[in-house]
Amino acid sequence: MLPDRTTIFAYLTILSGSAGRLVISLVYFLIVANTLTLGEFGLFATASSTGLILSRLLAFGFISPLYRVATVKPRLLGAYLSGFAGLSVLSLPLIVAAGGAAYLLLFAERLALLPFAVIILAEVLGWRLVEVVAIVNNGLRRFRQAALLVIIGSGLRTVAALLFAAFGQASLEIWAFAYCGATMASALIALVAFLPAARWRFVRSLYPRRMADAVFAGAADIVFYVQSELDKLLVLGLAGERTAGLYAIALRVIDLTAMPVRSFNQMLVQKIMKERGVGGFRRLAAYEAGIALVSIAGLVAVIIALKPFPNLLGRNVSEAAYLFAPMLLVPAFRNLVEYHAELLYARERTGSRIALLCLLTAIKAGLISLVMTRFPEAGSWAAGMNLVFGVVYLASAGFTYSLLAQARREPLR
């Protein structure tokens with residue numbers, strides 16, 4: 001499992017793309033967060049999170065077989081791309097129904113239907129397609145193309161945010177259409193300029209063998225994002241739009257610390273798939289320590305930068321800045337839970353991954369509800385989030401490493 005020069009170069013290529021995206025995403029985030037009101041930003045962030053979850057229903061999870069075949073059998077890519085396209089169309093009614101239910105449950109009295117639908121469209125048929133094309137390129141080890149695509153997509157969103165701020169009509173409805181336009185343009189560029197050339201063909205025999213894997217992997221992906229985004233939805237439901245806006249800003253800053261970690265996770269998953277092993281537990285513990293340190297250091301850097309310049313990131317971000325220090329351990333716990341999920345995915349433990357993520361979702365929902373209702377003051381619930389994510393991390397680590405210990409000598413199926 002020791003990295004060779006090629007692996008290190010590939011990681012640095014992915015990381016450079018993540019760094020470029022980090023800078024561009026930070027600009028985009030700051031413009032939107034400081035142009036919308038806190039309440040509007042909270043609604044946008046939770047609607048976007050809902051779209052992110054719903055986008056995992058696209059093609060019923062067939063992105064997992066598509067990524068695996070790009071990684072290990074690229075000659076079959078055309079057949080799998082054809083299957084993904086067909087299944088994407090078939091999955092749209094399910095996405096519409098799930099989106100309607102989410103709107104009635106959380107947004108009906110807070111946000112008009114049209115901007116909500118436009119945001120969902122941007123996530124499901126816009127950014128998800130950008131992600132799919134980037135994932136396929138990464139599977140083919142075309143890391144530069146994948147990184148460039150994501151940077152272009154983030155750049156277009158930033159241009160849309162700049163135009164939105166300059167336009168002077170800073171309403172959530174207008175931003176929803178600007179966001180959707182930029183995201184759909186990114187998807188068009190991805191499909192025209194970055195989708196690898198392949199001979200598309202329908203191969204009937206693929207689907208009986210691969211659909212079970214697709215559905216299970218898709219279900220695991222959905223549960224993962226429900227677990228990951230649930231806190232934003234709960235804060236909106238329990239504390240209202242303004243608190244949801246403050247929390248979304250804090251989580252967005254925290255999420256920026258995950259970019260180098262996700263680049264590492266991606267390389268590790270590919271290495272495990274190819275070498276059919278996860279390495280020793282001492283090495284995995286070293287990975288955990290490194291992820292935790294990088295995650296916390298990122299948030300500490302933001303806190304230090306804001307100390308002498310509290311308005312450095314804008315007015316609305318400065319209002320949320322007092323949440324950063326009380327939530328100092330949250331980045332480490334969140335990123336480590338994501339790392340555990342990637343380990344299980346790489347070892348094709350899809351059923352176990354779903355079981356783990358369902359458990360974590362239930363734990364998080366219960367603890368966040370308890371913290372938000374028992375400690376409504378912002379300083380109190382912010383500090384309580386360390387406990388919430390800490391318990392989630394302990395449950396994830398215990399489950400994941402117990403399973404890997406049992407399966408350590410088993411070959412991949």
Side-chain angles (χ1 to χ4, degrees), residues 29 32-33 36-58 91-128 171-177 179-180 183 219 221-252 254-255 316 320 323 334 357-358 360-376 378 381-382 384-385 388-389 392:
F29 158 68
V32 177
L36 295 173
T37 66
L38 280 171
E40 286 177 328
F41 185 75
L43 287 171
F44 168 68
T46 49
S48 179
S49 295
T50 303
L52 187 65
I53 295 168
L54 293 174
S55 72
R56 269 52 200 173
L57 291 170
L58 192 67
S91 66
L92 291 179
L94 175 61
I95 294 172
V96 171
Y103 178 78
L104 292 174
L105 186 63
L106 271 176
F107 297 93
E109 298 180 358
R110 295 185 169 101
L111 179 63
L113 178 59
L114 182 58
F116 174 81
V118 167
I119 293 169
I120 299 300
L121 177 67
E123 297 294 352
V124 173
L125 291 182
W127 196 251
R128 185 54 174 163
S171 70
L172 178 55
E173 288 77 9
I174 293 175
W175 168 242
F177 282 97
Y179 179 76
C180 185
T183 307
D221 213 20
I222 291 165
V223 177
F224 172 79
Y225 278 95
V226 169
Q227 181 273 138
S228 179
E229 304 295 324
L230 179 68
D231 43 354
K232 297 176 187 174
L233 304 178
L234 283 173
V235 172
L236 174 66
L238 294 171
E241 293 92 330
R242 191 176 190 281
T243 302
L246 291 168
Y247 184 75
I249 288 172
L251 259 289
R252 179 59 176 157
I254 287 171
D255 198 48
N316 282 347
L323 301 173
R334 287 181 88 240
L357 293 171
C358 286
L360 300 185
T361 301
I363 293 172
K364 181 186 281 188
L367 290 178
I368 287 180
S369 299
L370 179 64
V371 167
M372 294 302 298
T373 53
R374 293 287 299 275
F375 306 101
W381 65 251
M385 289 297 170
V388 171
F389 286 93
V392 169

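Since the structure is predicted, the reported quantities are computational estimates derived from the model, not experimental observations.
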Next on the checklist: Within this structure, what is the CG-CH2 distance for the pair L246 and W381, rounded to the nearest 0.5 Å?
Outcome noted: 6.5 Å

Checklist entry - Shortest non-hydrogen contact from C180 to A122? => result CA-CB, 3.7 Å

Next on the checklist: To check you understand the geometry: which heavy-atom pair defines the closest contact between D231 and I368, and what is its length?
Outcome noted: CB-CD1, 3.2 Å

Checklist entry - Would you say the side-chain atoms of K364 pair up with the backbone N or O of Q227, donor to acceptor, closer than 3.5 Å? => result yes

Next on the checklist: Looking at every non-hydrogen atom in both residues, tell me the closest pair between G99 and L54 and how far apart they are.
Outcome noted: CA-CD1, 3.5 Å

Checklist entry - Any donor and acceptor pair, going by atom type alone, linking the side chain of T373 with main-chain N or O of S369 inside 3.5 Å? => result yes

Next on the checklist: Do W175 and L36 have side chains that approach each other closer than 4.5 Å (heavy atoms only, starting at C-beta)?
Outcome noted: yes

Checklist outcome for this item: ring pair (Phe, Tyr, Trp, His ring centres under 6.0 Å) filter on F389, not counting sequence neighbours, yields none

Item to check | Close side-chain approach of L172 to T37, heavy-atom, < 4.5 Å | outcome: no

Item to check | D221 and R128: CA distance, side-chain angles, deciding distance, salt bridge (charged side-chain N to carboxylate O under 4.0 Å, His left out) verdict | outcome: CA-CA 13 Å; D221 213 20; R128 185 54 174 163; 3.7 Å; yes

Next on the checklist: With side-chain contact (heavy atoms from CB on, under 4.5 Å) as the criterion, how do L57 and V124 come out once you've worked through the C-alpha distance, each side chain's angles and the decisive distance to 0.1 Å?
Outcome noted: CA-CA 9 Å; L57 291 170; V124 173; over 6 Å; no

Item to check | Pairs where residues 98-120 contributes a residue and the test salt bridge (charged side-chain N to carboxylate O under 4.0 Å, His left out) is met, not counting sequence neighbours | outcome: R110-E241

Item to check | Heavy-atom side-chain proximity of L251 to R334 below 4.5 angstrom | outcome: yes

Checklist entry - How long is the span from the CD1 atom in I53 to the CG atom in L233, to the nearest 0.5 Å? => result 5.5 Å

Item to check | Shortest non-hydrogen separation from E123 to S55 and the atoms involved | outcome: O-CB, 3.7 Å

Checklist entry - When you measure from the side chain of T183 to the backbone N and O of Y179, does any donor-acceptor pair fall under 3.5 Å? => result yes

Checklist entry - Where is the tightest heavy-atom contact between G245 and F41, given as atom of each residue plus distance? => result O-CD2, 4.0 Å

Item to check | Geometric class of the F107/Y103 ring pair [parallel <30°, tilted 30-60°, perpendicular >60°] | outcome: parallel

Item to check | L125 side chain reached by L92 side chain, heavy atoms, under 4.5 Å | outcome: yes

Checklist entry - Below 4.5 Å, heavy atoms only, C-beta onward: do S48 and E229 meet side chain to side chain? => result no

Item to check | Gap separating the OH atom of Y247 from the OG1 atom of T46, nearest 0.5 angstrom | outcome: 12.5 Å

Next on the checklist: Would R56 and F224 count as a side-chain contact (heavy atoms from CB on, under 4.5 Å) here? Give the steps.
Outcome noted: CA-CA 10 Å; R56 269 52 200 173; F224 172 79; over 6 Å; no

Item to check | Sub-4.5 Å side-chain heavy-atom contact between L114 and F177 | outcome: yes

Checklist entry - Which heavy atom in A320 sits nearest to a heavy atom in I249, and how many Å separate them? => result CB-CG2, 3.7 Å

